[in-house]
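Take a look at the structure below.
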Amino acid sequence: MKIATFNINGIKARFEALQDWLREAEPDVALLQEIKSVDEGFPREIFEEMGYRVETHGQKSFNGVAILSRLPLEDVTRGLPGDETDEQARWIEATVIGQRALRVACLYLPNGNPAPGPKYDYKLAWMERMRAHAEALLDSEEPVILAGDYNIIPQDEDAAKPEAWREDALALPESRAAFRRILNLGYTEAFRTRVPGPGHYSFWDYQAGAWQRNNGIRIDHLLLSPQAADLLRDVGIDKDIRAREKPSDHVPVWIELDA
DNA sequence: ATGGTCGAGAGTCGA
């Protein structure tokens with residue numbers, strides 16, 4: 001089973017590029033962030049005609065997540081548990097029925113800038129809620145995959161210019177510590193367990209020729225529970241699509257599982 | 001140090 005995460009930065013601007021990539025990469029499950037659309041505005045028919053089930057958790061203008069799956073989905077839930085007053089659409093979760101059942105979450109973790117400030121406070125509180133939920137998910141019998149735009153640069157080697165991110169919410173020590181607390185529950189970050197060293201990125205800013213200068217950061221991650229890590233066969237980043245017409249500022253990151 | 005670019009959709013904010 002191939003599972004990919006992709007921050008598309010707006011479905012209205014990206015549905016053609018998204019279709020092209022789906023045809024080429026053929027993921028069984030595509031986890032999308034920043035759809036920037038309400039549920040009714042998501043062009044679900046386009047993807048249903050390609051054989052995908054479509055589950056969205058949208059919001060007007062900002063945020064919004066979605067799951068496209070060629071495999072059956074069960075028990076779809078929307079929203080990160082732990083705060084009923086949180087109205088931001090950043091989490092959708094479903095059980096994917098392949099050769100075996102996998103619990104898959106698609107997440108868009110808050111950016112948190114500027115830090116310090118209320119947005120950074122929200123990021124850290126959200127990560128603590130995620131930690132609690134990630135811990136609860138480990139109690140299930142199923143392999144668990146937590147994938148999406150984490151807005152976290154885990155280590156300096158995950159940025160082309162780490163010094164430029166020193167004061168940024170994506171790289172502050174408190175941000176990295178909150179990310180490690182989730183990993184230390186027993187999750188494995190899929191890409192890093194297979195590919196060591198610097199130079200691997202999933203985001204290049206639109207500004208200042210970041211792509212042309214390869215000034216990137218690696219902030220899109222797939223975290224695997226121990227049962228899911230046992231199934232890991234391959235990982236990759238579809239870097240080349242960043243060079244196309246009207247690209248997202250992120251590119252897809254994917255895993256292949258024996259499942 | 002500054003300004004640089006996108007997307008959504010409304011006359012600006014978030015990234």
Side-chain angles (χ1 to χ4, degrees), chain A residues 5-21 30-44 46-47 56-66 80 86-91 106-127 130 147-154 158-172 174-176 178-179 201-221 238-253:
Chain A
T5 178
F6 188 8
N7 180 323
I8 58 172
N9 191 15
I11 187 61
K12 294 174 185 69
R14 212 70 61 217
F15 66 88
E16 289 177 312
L18 178 56
Q19 283 182 91
D20 290 344
W21 168 74
L31 306 170
L32 309 179
Q33 301 87 39
E34 282 207 271
I35 64 173
K36 294 187 174 179
S37 165
V38 294
D39 295 334
E40 308 77 58
F42 193 92
R44 59 171 48 246
I46 292 174
F47 304 102
T56 61
H57 182 37
Q59 172 180 348
K60 188 178 179 182
S61 303
F62 306 114
N63 307 323
V65 286
L80 175 63
D86 185 0
E87 296 187 348
Q88 298 193 33
R90 296 178 174 278
W91 189 281
C106 170
L107 64 106
Y108 176 47
L109 204 148
N111 176 295
N113 282 303
K119 290 186 178 181
Y120 193 56
D121 295 341
Y122 175 71
K123 177 176 193 154
L124 294 178
W126 198 98
M127 292 185 79
M130 178 176 168
D149 177 358
Y150 276 73
N151 271 314
I152 292 285
I153 302 168
D158 298 310
K161 298 184 176 180
E163 67 283 357
W165 299 91
R166 204 72 72 196
E167 312 284 319
D168 193 282
L170 278 61
L172 282 170
E174 208 172 351
S175 305
R176 289 178 170 175
F179 182 66
Y201 311 125
S202 65
F203 169 92
W204 295 260
D205 200 287
Y206 288 124
Q207 300 185 64
W211 167 249
Q212 288 75 12
R213 298 163 190 265
N214 196 25
N215 179 16
I217 52 177
R218 198 174 67 87
I219 56 174
D220 299 272
H221 310 297
D238 289 343
K239 176 180 180 177
D240 290 350
I241 73 164
R242 184 63 177 79
R244 295 186 180 176
E245 292 292 308
K246 279 190 64 127
S248 172
D249 40 8
H250 296 249
V251 297
V253 184

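These values consider heavy atoms only, across backbone and side chains, with no hydrogens, waters or symmetry-generated copies. A note on names: the letters A, B, ... follow the listed sequences, proteins ahead of strands, and every chain is numbered from 1.
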Problem set entry | Value rounded to 0.5 Å, distance of NZ in Lys239(A) from CG in Asn214(A) | 4.5 Å
Problem set entry | Length of the NE2-P vector between His250(A) and dA15(B), whole Å | 11 Å
For this session: Starting at atom CD of Glu40(A), determine the distance to atom C1' of dA8(B), rounded to an integer number of angstrom.
Result: 16 Å
For this session: Name the closest nucleotide to the Ala13(A) side chain, picking from dG14(B), dA15(B), dA8(B).
Result: dA8(B)
Exercise. Taking the six-membered ring for Trp, are Phe42(A) and Phe47(A) parallel (under 30°), tilted (30 to 60°) or perpendicular (over 60°)?
Worked result: tilted
Problem set entry | Distance, P atom - from dT2(B) to dC6(B), rounded to whole angstrom | 23 Å
For this session: Pick base, sugar-phosphate or nothing for Ile11(A), based on heavy-atom distances below 4.0 Å to the nucleic acid.
Result: sugar-phosphate
Exercise. Of the candidate nucleotides dA15(B), dC6(B), dC13(B), which contains the atom at the shortest distance from the side chain of Tyr206(A)?
Worked result: dC6(B)
Problem set entry | Glu34(A) CD to dC13(B) C1', straight-line distance once rounded to whole Å | 13 Å
Seminar exercise, completed: Lys36(A) atom NZ is separated from dA8(B) atom P, nearest whole Å, by 6 Å
For this session: Determine the interatomic distance between P on dA1(B) and the same-named atom on dC13(B); round to the nearest Å.
Result: 26 Å
Exercise. Under 4.0 Å between a side-chain N/O of Lys12(A) and OP1 or OP2 of dG9(B), yes or no?
Worked result: yes
Seminar exercise, completed: Rounded to the nearest 0.5 angstrom, the CG-CD1 distance for Asp158(A) and Ile219(A) is 10.5 Å
For this session: May I have the distance from Gln33(A) (atom CD) to dA15(B) (atom P), rounded to whole angstrom?
Result: 14 Å
For this session: Could I get the full list of ring-ring contact (aromatic ring centres under 6.0 Å, His included) partners for His57(A), not counting sequence neighbours?
Result: none
Exercise. Taking only N and O in the side chain of Lys119(A), is any of them less than 4.0 Å away from OP1 or OP2 of dG14(B)?
Worked result: yes
For this session: Would you mind reading off the distance between Phe62(A) atom CZ and dC6(B) atom P, rounded to a whole angstrom?
Result: 18 Å
Exercise. Starting at the 5' end of DNA chain B and moving along, which residue's nearest nucleotide shows up first, Lys246(A) or Gln207(A)?
Worked result: Gln207(A)
Problem set entry | Residues forming a ring-ring contact (aromatic ring centres under 6.0 Å, His included) with Phe62(A), sequence neighbours excluded | none
Pick out the pairs of N or O atoms, protein on one side and nucleotides 10-12 of chain B on the other, that lie under 3.5 Å.
unit_1	atom_1	unit_2	atom_2	d
dA10(B)	OP1	Lys60(A)	NZ	3.1

Exercise. Within this structure, what is the CG-to-P distance between Asn9(A) and dA8(B), rounded to whole angstrom?
Worked result: 7 Å
Exercise. Are the side chain of Arg90(A) and the backbone of Asn63(A) linked by a donor-acceptor contact shorter than 3.5 Å?
Worked result: no
Problem set entry | Sugar-phosphate, base or nothing in reach of Phe203(A), heavy atoms under 4.0 Å | nothing
Problem set entry | Main-chain N/O of Gly58(A) paired to Asp39(A) side chain as donor or acceptor, under 3.5 Å | yes
For this session: Could you measure between the two P atoms, the one in dG14(B) and the one in dG9(B), and give it in whole Å?
Result: 15 Å
For this session: Map Asn151(A) and Asp205(A) onto DNA chain B by nearest heavy atom, then report which one ends up closer to the 5' terminus.
Result: Asp205(A)
Problem set entry | Interatomic distance, Asp249(A) CG vs dA15(B) P [rounded to whole Å] | 12 Å
For this session: Indicate the ring-plane relationship of His221(A) and Phe179(A), choosing parallel, tilted or perpendicular according to the 30° and 60° boundaries.
Result: tilted
